[in-house]
Amino acid sequence: LQLLQEQQFKLHKRPVEIKEIMRQVGRLFIFQCQHKRIGLKLVIEEDVPEYILTDEDRLTQVLVHLMTNAVKFTFRGDITIGTGRDPRDSASVVFWVQDTGIGIQENERKCLFKLFSRPDSESVGTKGVGLGLTIAKQLIMKLKGTKEPNVIEVDSVLEKGSQFKF
């Protein structure tokens with residue numbers, strides 16, 4: 001985490017097959033979803049290019065952090081991991097993780113990406129220290145080459161679920 005904050009690690013960008021990354025990440029969570037009896041959907045929109053230039057390990061790490069949270073906070077319904085063209089910039093690709101979990105209160109969204117900060121989840125019996133989303137945000141900032149803090153869009157409705165998109 002310290003290396004991330006200090007931007008002291010190097011990205012290893014190369015052409016990466018998007019569909020394969022998405023399938024690999026999906027496979028990592030099949031058994032957890034089956035165990036919890038929640039569905040797992042993989043969406044790869046038709047207009048997604050076959051390859052993108054990125055750091056495969058870092059992109060995978062971001063998706064794994066987002067999926068881990070989705071599985072942790074979803075007790076019924078399903079989780080979708082997806083990718084498609086960015087509607088605001090057709091040259092860019094977006095990724096998202098969407099769940100039908102507990103959702104996040106509006107006032108708790110402000111601190112989602114702060115170190116060791118977690119929404120009030122004690123009532124649902126989840127564990128964690130509040131690092132996953134912080135790490136995901138830092139990695140996305142590095143991948144996008146920006147210091148812009150709003151690199152992950154969060155859309156959430158309490159008791160309906162959440163979507164994290166970057």
Side-chain angles (χ1 to χ4, degrees), residues 16 18-49 52 54 56 58-115 117-121 123-128 130-144 146 148-166:
V16 173
I18 293 177
K19 290 178 183 178
E20 187 55 31
I21 287 179
M22 298 297 285
R23 287 185 198 112
Q24 286 175 4
V25 173
R27 281 192 295 266
L28 290 173
F29 291 91
I30 287 173
F31 295 114
Q32 290 177 41
C33 289
Q34 287 175 342
H35 179 72
K36 290 185 79 172
R37 293 193 163 101
I38 54 178
L40 177 60
K41 298 177 184 175
L42 176 63
V43 174
I44 302 171
E45 294 180 355
E46 289 180 20
D47 59 352
V48 172
I52 59 171
T54 192
E56 181 176 7
R58 301 304 180 192
L59 175 58
T60 300
Q61 190 175 0
V62 169
L63 291 168
V64 165
H65 281 298
L66 296 178
M67 285 293 295
T68 298
N69 274 6
V71 171
K72 185 186 301 185
F73 293 104
T74 302
F75 300 98
R76 60 176 165 57
D78 51 50
I79 297 169
T80 302
I81 180 173
T83 185
R85 288 273 186 193
D86 187 338
R88 296 167 294 199
D89 176 9
S90 62
S92 296
V93 174
V94 293
F95 296 89
W96 67 86
V97 172
Q98 184 173 345
D99 63 57
T100 57
I102 62 173
I104 305 161
Q105 293 184 33
E106 182 87 33
N107 63 335
E108 292 178 332
R109 291 183 211 164
K110 296 174 190 152
C111 62
L112 275 178
F113 302 101
K114 292 183 180 170
L115 253 165
S117 177
R118 297 177 33 152
D120 181 19
S121 59
S123 63
V124 294
T126 62
K127 296 181 180 182
L131 284 174
L133 290 178
T134 303
I135 292 170
K137 176 185 170 184
Q138 294 291 324
L139 287 170
I140 294 169
M141 289 171 67
K142 184 76 171 174
L143 286 168
K144 289 188 172 196
T146 184
E148 170 61 41
N150 298 322
V151 292
I152 302 179
E153 296 174 31
V154 180
D155 191 21
S156 186
V157 177
L158 206 55
E159 304 298 325
K160 300 272 186 204
S162 302
Q163 181 184 63
F164 290 78
K165 182 189 280 188
F166 63 97

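Numbers here simply count residues along the sequence, with the first being 1. Atoms considered below: every heavy atom in the structure, side chains included; atoms not considered: hydrogens, waters and symmetry mates.
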With sequence neighbours left out, what residues match [X] under side chain to side chain donor-acceptor pair (under 3.5 Å)?
X    : value
T80  : none
N107 : none
Q24  : E20

Which donor-acceptor pairs under 3.5 Å do the side chains of residues 159-166 make with protein atoms, sequence neighbours left out?
unit_1, atom_1, unit_2, atom_2, d
S162, OG, S156, OG, 2.7
Q163, NE2, Q98, OE1, 3.1

How long is the gap from [atom1] on [X] to [atom2] on [Y], to the nearest 0.5 Å?
X    : Y    : atom1 : atom2 : answer
L133 : I152 : CG    : CD1   : 6.5 Å
I140 : T146 : CD1   : OG1   : 11.5 Å
K41  : I81  : NZ    : CD1   : 14.0 Å
I79  : K36  : CD1   : NZ    : 7.0 Å
R23  : L28  : CZ    : CG    : 14.0 Å
K72  : Q32  : NZ    : CD    : 10.5 Å

List the atom of [X], the atom of [Y], and the distance in Å for their closest heavy-atom pair.
X   : Y   : value
V93 : P49 : CG2-CD, 3.7 Å
R85 : D47 : NE-O, 2.9 Å
V48 : T83 : CG2-O, 3.6 Å

Hits for side-chain contact (heavy atoms from CB on, under 4.5 Å) against T60, two or more places apart or cross-chain, chain-then-number order -> I21, V25, E56, V64
Do the side chains of [Y] and [X] get nearer than 4.5 Å, heavy atoms only?
X   : Y   : result
I30 : R27 : yes
L59 : I52 : yes
M22 : L63 : yes
F95 : I18 : yes

Partners passing ring pair (Phe, Tyr, Trp, His ring centres under 6.0 Å) against F29 (at least two apart in sequence or in another chain): none
